[in-house]
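All values below were derived from every heavy atom in this structure, side-chain atoms included, with hydrogens, water molecules and symmetry-related copies excluded. Here is how names work: the chains are called A, B, and so on, in the same order as the sequence lines, proteins then strands, and each is numbered from 1.
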Amino acid sequence: MKDLLHRQLTAILSELKYPPVEISFDRPKVESHGDLTTNVAMVLAKSVGKNPRQVAQSIVEKLQVDNRTFASVEIAGPGFINFKFSNAYVVESAKIILRSGELFGKSNASSGKKTNVEWVSANPTGPLHSGHGRQVILGKVISNLLEWTGHNVTREYYFNNAGNQMRNLAESIYARYRQELGDDYPFPEEGYKGDYIIDIAKQIVKEKGDSLRETDAERSYFKQVGETWCFNKIKETLSKLDVRHDVFYNEDTLYSTGKIAEVIEEFKKKDLAYDSEGAVWFRATKFGADKDRVIVKSSGEPTYRLPDIAYHREKFRRGFELIVDIFGADHIATIPDVLNGVQALGYETKDVKVIIHQMVSFVNGEEVVKMSKRSANVHTLDELIDEVGVDAVSYFFVMRSVGTHLEFDIALAKEQSEKNPVYYLQYAHARIAGILRFAEQEGFNSAEYAKILEATNFALMKEKEEIDLLKKLLEFPEVVQSCALTFEPHRLTTYLREVAETFHRFYHEHRVINDDKNLMQARLTVCLMAKIVIANGCKILGVSCPEKM
RNA sequence: GCAUCCGUAGCUCAACUGGAUAGAGCGUUGGCCUCCGAAGCCAAAGGUUUCGGGUUCGAAUCCCGACGGGUGUACCA
């Protein structure tokens, strides 16, 4: 519809000899302003030297609107042109919901664009903590959104099982192991203090007794057991949230296949890297950084930047056209370096989308939940899931825009009442399911969309609340696209809440089950369409839609 | 200090990326079940969008400056 109007308006502008401008349509906030609005007249006004309302008038006079589609076209306010759809158009359009069913909202807008989404990427040094939840859910929902808009998505997890952190893990487990054996053995100062380390140590005692008291300096057995334990734990948590990565990419492969050395060499050749003070430096200042960065320490070990750069190059080489990275705000410092490095290697940074989400704080009603990073009692993501459930976790972590701090109220998430936004949405779905169950006794089969399309007299949908609901439902594909395009999944939760609200209002105003069979059929169909949209939206969010609650 | 994100109703947050009268939830106050699910609906109250400048037809949104908060600022990741 927008396309059609767009073409018409473009033609009119050139006919009136107005300069070409970008024509855009918005959805007005206020109902009385119609369903679509454009500001072209106001944009044109200055260059044309007329007042905007006059410009609008001249355009509208030329406009050939189909009165089966539009109920009205009006000039309003400072010079907006407002279009209002006819009920017939809305009702006819709504048939697409039944025709598409579970596919309603999907598109091929990005026509199979090969896309890599990397997230979580926590090293196997411990279980995921509750703060990780935001990232876990964001990545999941963003991947889903991209898929719904036609991207060919590879879900990826990048990890490092070498280096300092893993050494530290091994030392921590070893220390706990010795302590379990009754030795007075010191715990490393920077060690991982969580209880899970003790669990792992106990497991080793159980399996190996005291035979590992004298072990190699690398503590390789402890490292390997620790890694396996942690990874299993992480994967278990992810699978509870239905997060499944396609690729687990080990940083080590970048070394073993020579990719790291290759990058250094190439940087040096391009004079983007140099030796100094026994280390290798990247000329970050060439890209506007305040100082150059070390990429290989004087010890010979690369810093995290180097493998990160090499890794992103590999993503390009693997053929990805869009690379999405999801980081917490605490990792923000690494991003410019990686982007600069990627650019230096000749790739477009515009094809790398870095999503940085702000931190999460937890609150239990009035009480602030403190969670210090290396302390013993970090709240794990598993515990959070056990406490509030998968649905609340999925919904809460994605309901705020990524740019703002997220306050997670555990008490609210746990509460099974109307205060909880997850339940509001699920209730709408269950309520519809209840009505449809009731209607089955009257012979309404809600599973056969094609028959329903045949049997329903769509012209009977004419109540205001009914039309409002259909309009809202028809926005769904656009919402999905815009969420995917802007990487802002929270807008989907906002939208779904509006759908539920609009449905409840319709339900409250008009009886669905009634004596007029045709009217009942029409209204049941409206309910069913609302159910489809809510279900599809929840699918993207990973929130369940119960038939009963 | 520098980088970066943010500052909107008592609280938690929206605002379709520059549009018309800034909206929701919670909380507060009042109303609605002889009838399809009241985990619902309706109504009221609540605002100088932190402050000060600027850009233009038009600013919560863009620019500059203050103030306040988060996160970084390593030859840790």
Side-chain angles (χ1 to χ4, degrees), chain A residues 26-30 32-33 37 39 41-43 45-46 51-52 76-80 82 121-123 125 160 163-165 168 190 251 277-281 289-291 293-305 307-308 328-336 356-359 361 363 366 399-409 412 415-421 423-424 426-428 430-439 442 475 478-479 482-483 486 488 490-491 493-495 497-498 500-501 503-505 507-514 520 523-524 527 548-549:
Chain A
D26 281 320
R27 200 180 299 286
K29 280 188 244 189
V30 185
S32 61
H33 296 154
T37 184
N39 61 355
M42 282 136 75
V43 176
K46 16 179 175 174
N51 89 48
F80 292 101
N82 295 338
S121 297
N123 288 337
T125 58
N160 169 8
N164 279 336
Q165 293 187 35
N168 194 1
E190 291 295 304
E251 180 183 324
E277 303 165 51
V280 183
W281 297 70
D290 53 338
K291 55 183 179 185
R293 311 282 181 191
V294 171
I295 49 175
V296 182
K297 299 185 241 177
S298 45
S299 66
E301 281 180 277
T303 64
Y304 62 87
R305 290 178 245 277
D308 276 0
D330 53 339
H331 280 231
I332 196 163
T334 79
I335 292 154
I356 300 154
H357 63 85
Q358 297 302 306
M359 303 280 89
S361 62
V363 142
E366 297 291 297
M399 73 178 170
R400 302 299 182 214
S401 82
V402 296
T404 60
H405 193 91
L406 168 66
E407 183 168 285
F408 193 116
D409 187 339
L412 177 62
E415 190 160 326
Q416 306 211 352
S417 81
E418 77 284 357
K419 292 179 193 167
N420 188 331
Y423 285 90
Y424 183 76
Q426 292 181 322
Y427 177 69
R431 195 181 209 186
I432 296 171
I435 298 162
L436 296 178
R437 265 196 306 279
F438 190 93
E442 312 279 325
E475 287 175 29
E478 233 175 278
V479 171
S482 116
C483 287
T486 56
E488 289 181 349
H490 74 279
R491 277 161 42 177
T493 62
T494 309
Y495 166 77
R497 209 203 55 77
E498 287 167 6
E501 184 181 39
F503 168 74
H504 285 311
R505 197 173 300 139
Y507 175 84
H508 189 262
E509 290 299 318
H510 305 288
R511 280 199 63 83
V512 175
I513 308 294
N514 61 46
M520 179 174 89
R523 290 185 178 166
L524 283 169
C527 290
K548 283 182 187 172
M549 46 194 293

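Once rounded to the nearest 0.5 Å, the distance linking CD of A:E442 with CE of A:M520 reads 4.5 Å. A distance of 11.0 Å separates NE2 in A:H357 from CD1 in A:I332, rounded to the nearest 0.5 Å.
Using a 4.0 Å heavy-atom cutoff across all strands shown, A:R505 reaches sugar-phosphate atoms only and no base atom. Across all strands, A:Y423 comes closer than 4.0 Å to base atoms (heavy-atom distances).
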*Using a 4.0 Å heavy-atom cut-off, write out nucleotides 25-34 of chain B from 5' to 3' as B (base contacted by protein), S (sugar-phosphate only) or - (no contact).*
SSS-------
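Atom P of nucleotide B:A74 and atom CZ of A:R305 are separated by 9 Å, given to the nearest angstrom. If you measure from atom NE2 of A:H504 to atom C1' of B:G40, you get 6 Å, rounded to the nearest angstrom. Here B:C6 presents its C1' atom at 14 Å from CD of A:E407, a figure rounded to the nearest Å. The distance from atom CE of A:M42 to atom P of B:A59 is 11 Å, rounded to the nearest whole Å. Protein atom CZ of A:F503 is 14 Å distant from nucleotide atom P of B:A39, rounded to whole Å. Computed from coordinates, the A:Y507 OH to B:C42 P distance equals 14 Å when rounded to whole Å. The nearest whole Å value for the distance from the CD1 atom in A:I335 to the C1' atom in B:A77 is 13 Å. The CD-P distance, from A:E498 to B:A24, rounds to 9 Å in whole Å.
Proximity of A:Y424 to the phosphate of B:C41: a side-chain N or O atom is located under 4.0 Å from OP1 or OP2. Contact check, A:T404 against B:A14: a side-chain N or O comes under 4.0 Å of OP1 or OP2.
In the set B:C75, B:C76, B:A39, the nucleotide with an atom closest to the side chain of A:Y427 is B:A39. The side chain of A:Y304 lies closest to B:A77 when the candidates are B:C13, B:G37, B:A77.
Formation of a donor-acceptor pair under 3.5 Å by the A:N82 side chain with backbone atoms of A:T37 is not found in this model.
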Check: protein-nucleotides 69-71 of chain B nitrogen or oxygen pairs below 3.5 Å:
| residue | atom | partner | partner atom | Å |
| --- | --- | --- | --- | --- |
| B:G70 | N2 | A:Q358 | OE1 | 3.2 |
| B:U71 | O2' | A:A329 | O | 2.9 |
| B:U71 | O2' | A:D330 | N | 3.4 |

Polar pairs (N or O, both sides) under 3.5 Å between protein and nucleotides 16-18 of chain B?
| residue | atom | partner | partner atom | Å |
| --- | --- | --- | --- | --- |
| B:C16 | N3 | A:R27 | O | 2.8 |
| B:C16 | N4 | A:R27 | O | 2.8 |
| B:U17 | O4 | A:E488 | OE1 | 2.4 |
| B:U17 | O4 | A:E488 | OE2 | 2.8 |
| B:U17 | O4 | A:R491 | NH1 | 3.2 |

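Within the 4.5 Å cutoff, side-chain heavy atoms of A:L436 are placed close to those of A:L524. Side-chain contact check for A:R523 versus A:N514: some heavy-atom pair is nearer than 4.5 Å.
Residues passing the ring-ring contact (aromatic ring centres under 6.0 Å, His included) test with A:F80: none are found, sequence neighbours excluded. Residues satisfying the ring-ring contact (aromatic ring centres under 6.0 Å, His included) test with A:H504, not counting sequence neighbours, are A:Y424, A:Y427.
Remark: RNA chain B takes part in the stems B:1-7 with B:67-73, B:10-13 with B:23-26, B:28-32 with B:40-44, B:50-54 with B:62-66, each of 3 or more antiparallel Watson-Crick or G-U pairs, criterion distances under 3.5 Å.
Summary of the strand contacts: A:E277 and A:K46 both lie near RNA chain B, and taking for each the nucleotide with the nearest heavy atom, the more 5' one is attributed to A:K46. A residue-by-residue look at A:F80 and A:H510 shows that A:F80 has its nearest nucleotide of RNA chain B further toward the 5' end.
Nucleotides B:A9 and B:A60 place their P atoms 14 Å apart, quoted to the nearest Å. Taking the C1' atom of each, B:C42 and B:U49 are spaced 28 Å apart, rounded to whole Å. Look at the C1' atom in both B:A20 and B:C67: the space between them is 32 Å, to the nearest Å. Atom P of B:U29 sits at a distance of 37 Å from the matching atom of B:U71, rounded to the whole Å. Nucleotides B:A44 and B:C2 place their C1' atoms 50 Å apart, quoted to the nearest Å.
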